[in-house]
Enquirer: 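The following block contains the structure, expressed as structure tokens.
Numbers restart at 1 for each chain; the letters A, B, ... are given by sequence-line order, proteins then strands.
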Number of protein chains: 2
Amino acid sequence: MHVNTLDQRIISCLVANARSSYADIGKLVGLSAPAVKRRVDRLLESGVLRGFTAVVDPEALGWGTEAFVEMHCKGNIQPARIRARLEPLPEVVAAYTVSGAADAIVHLRAADIHHLETALERLRGLEIVERTVSTVVLSTLLERSPNPEH
Amino acid sequence: MHVNTLDQRIISCLVANARSSYADIGKLVGLSAPAVKRRVDRLLESGVLRGFTAVVDPEALGWGTEAFVEMHCKGNIQPARIRARLEPLPEVVAAYTVSGAADAIVHLRAADIHHLETALERLRGLEIVERTVSTVVLSTLLERSPNPEH
DNA sequence: ATTGAAATCGCCGTGGC
DNA sequence: GCCACGGCGATTTCAAT
């Protein structure tokens, strides 16, 4: 699907504030409210926009402890099977297959160190896992969404 | 600040769809629209809710290539100084200080391998950086927001 | 509960191919 | 002529007080 500059500006507005009205976005990009809505609908349908979500302070919800885990799996394993094993673990925030020695990098979020330990044990207990190397997050320096424009 | 079950359910609704109306949320959690708004305002003011954003397909915007970079810095460096150096780099999606050998983990997003290489060079060129170890993402297995409830 | 704003829908005009 | 796209106005739903 084709995404032009106008679409990118609309997307930027929505990334900055997903609850802004179509009229407000229209004022910024130079369109009427219905025109903005039609573009947003089209972007949603085509999958360029996946949806709208609230950004929550993890600390406030009792998810203050994070870690990145290098996962080394037994033998040759398809990404889909790794995904299937990780998906049921609620502490898994994100997971990626990667180049290099590890098979995957798993981003974990837990309430505290103890909970993190439990989550790690469960992760290491998966039968596909040979070993793991975990790195505990001490502080979040930066977290942002990538801009449509460079 | 105190966040109860009702607040958590409201947050869940907003995480699922940040553009849903107060009335719709109210139907799901058993409150009137104004009551929901008051709670949302309070959650925003207290910082539990940081805001609302659009979830974008990075591929569609031409940000198809990701990497995680272990950053090893020269000497003892304060997190704030690392942050200050990383903040101007648009390819830096997230960055964390971590336990272990590395000083920080940097999450990069670029248009393609070539752009990633450029971004990496710029990162390695920072005077605080001693060396880096980068891991290129091959595929995203999973990406989700942590639920308020376990 | 009332008043104003926003979302939504149908209809029409314009311009490119 | 057809299609893509935007504006306008009416109606319904929502937000704010």
Enquirer: Using 0.5 Å steps for rounding, measure from the OG atom of A:S46 to the CG atom of A:D41.
Expert: 10.5 Å
Enquirer: For DNA chain D, determine which residues of residues 38-55 of chain B have any heavy atom closer than 4.0 angstrom to one of its atoms, and list them numerically.
Expert: none
Enquirer: Could you pull out all residues at least two apart from A:T97 that satisfy side-chain hydrogen bond (donor to acceptor under 3.5 Å, both in side chains)?
Expert: B:S139
Enquirer: Tell me who clusters with B:V98, hydrophobic residues only, linked when side chains sit under 4.5 Å apart either directly or through other members.
Expert: A:F68, A:Y96, A:V98, A:I105, A:V137, B:F68, B:Y96, B:I105, B:V137
Enquirer: Does anyone know the first and last nucleotide of DNA chain D in reach of chain B, 5' to 3', at under 4.0 angstrom to a heavy atom?
Expert: D:dC14 to D:dA16
Enquirer: Do any of residues 19-36 of chain A sit with a heavy atom less than 4.0 Å from DNA chain C, and if so which?
Expert: A:S21, A:Y22, A:A23, A:P34
Enquirer: Would you tabulate the side-chain donor-acceptor contacts of residues 117-124 of chain B under 3.5 Å, counting partners in other chains and residues two or more places apart, or write 'none'?
Expert:
from	atom 1	to	atom 2	distance (Å)
B:T118	OG1	B:H114	O	3.0
B:R122	NH2	B:E91	OE2	2.9
B:R124	NE	B:T132	OG1	3.2

Enquirer: Sequence neighbours left out, what passes side-chain hydrogen bond (donor to acceptor under 3.5 Å, both in side chains) with B:R109? Give chain and number order.
Expert: none
Enquirer: Test of understanding: with side-chain hydrogen bond (donor to acceptor under 3.5 Å, both in side chains), list the residues that count as partners of B:D112, not counting sequence neighbours.
Expert: none
Enquirer: In terms of heavy-atom contacts, does CZ of A:R144 have more than 12 from other residues, nucleotides or ligands at under 6.0 Å?
Expert: yes
Enquirer: Set out, in order, the CA-CA distance, both residues' side-chain angles and the distance that settles salt bridge (Lys or Arg N to Asp or Glu O under 4.0 Å) for A:R85 and A:E127, then state yes or no.
Expert: CA-CA 9 Å; A:R85 295 295 171 180; A:E127 73 270 44; 3.1 Å; yes
Enquirer: Indicate yes or no: does A:E70 engage A:R131 in a salt bridge with an N to O separation below 4.0 Å.
Expert: no
Enquirer: Going by side-chain hydrogen bond (donor to acceptor under 3.5 Å, both in side chains), name the residues that satisfy it together with A:D7, two or more places apart in sequence or in a different chain.
Expert: A:R39, A:R42
Enquirer: Using distance only, find each side-chain donor-acceptor pair of residues 19-33 of chain B under 3.5 Å and give its atom names and separation, not counting sequence neighbours.
Expert:
from	atom 1	to	atom 2	distance (Å)
B:R19	NH1	A:A18	O	2.7
B:R19	NH1	A:S20	O	2.8
B:R19	NH2	A:S20	O	3.4
B:S20	OG	B:N17	O	2.7
B:S21	OG	B:D24	N	3.1
B:D24	OD1	B:K27	NZ	3.3
B:S32	OG	B:A35	N	3.4

Enquirer: Could you tell me from which nucleotide to which nucleotide of DNA chain C, 5' to 3', there is an atom under 4.0 Å from chain A heavy atoms?
Expert: C:dA6 to C:dC9
Enquirer: Got a sec, which residues hit salt bridge (Lys or Arg N to Asp or Glu O under 4.0 Å) with B:R50, two or more places apart in sequence or on another chain?
Expert: A:D57
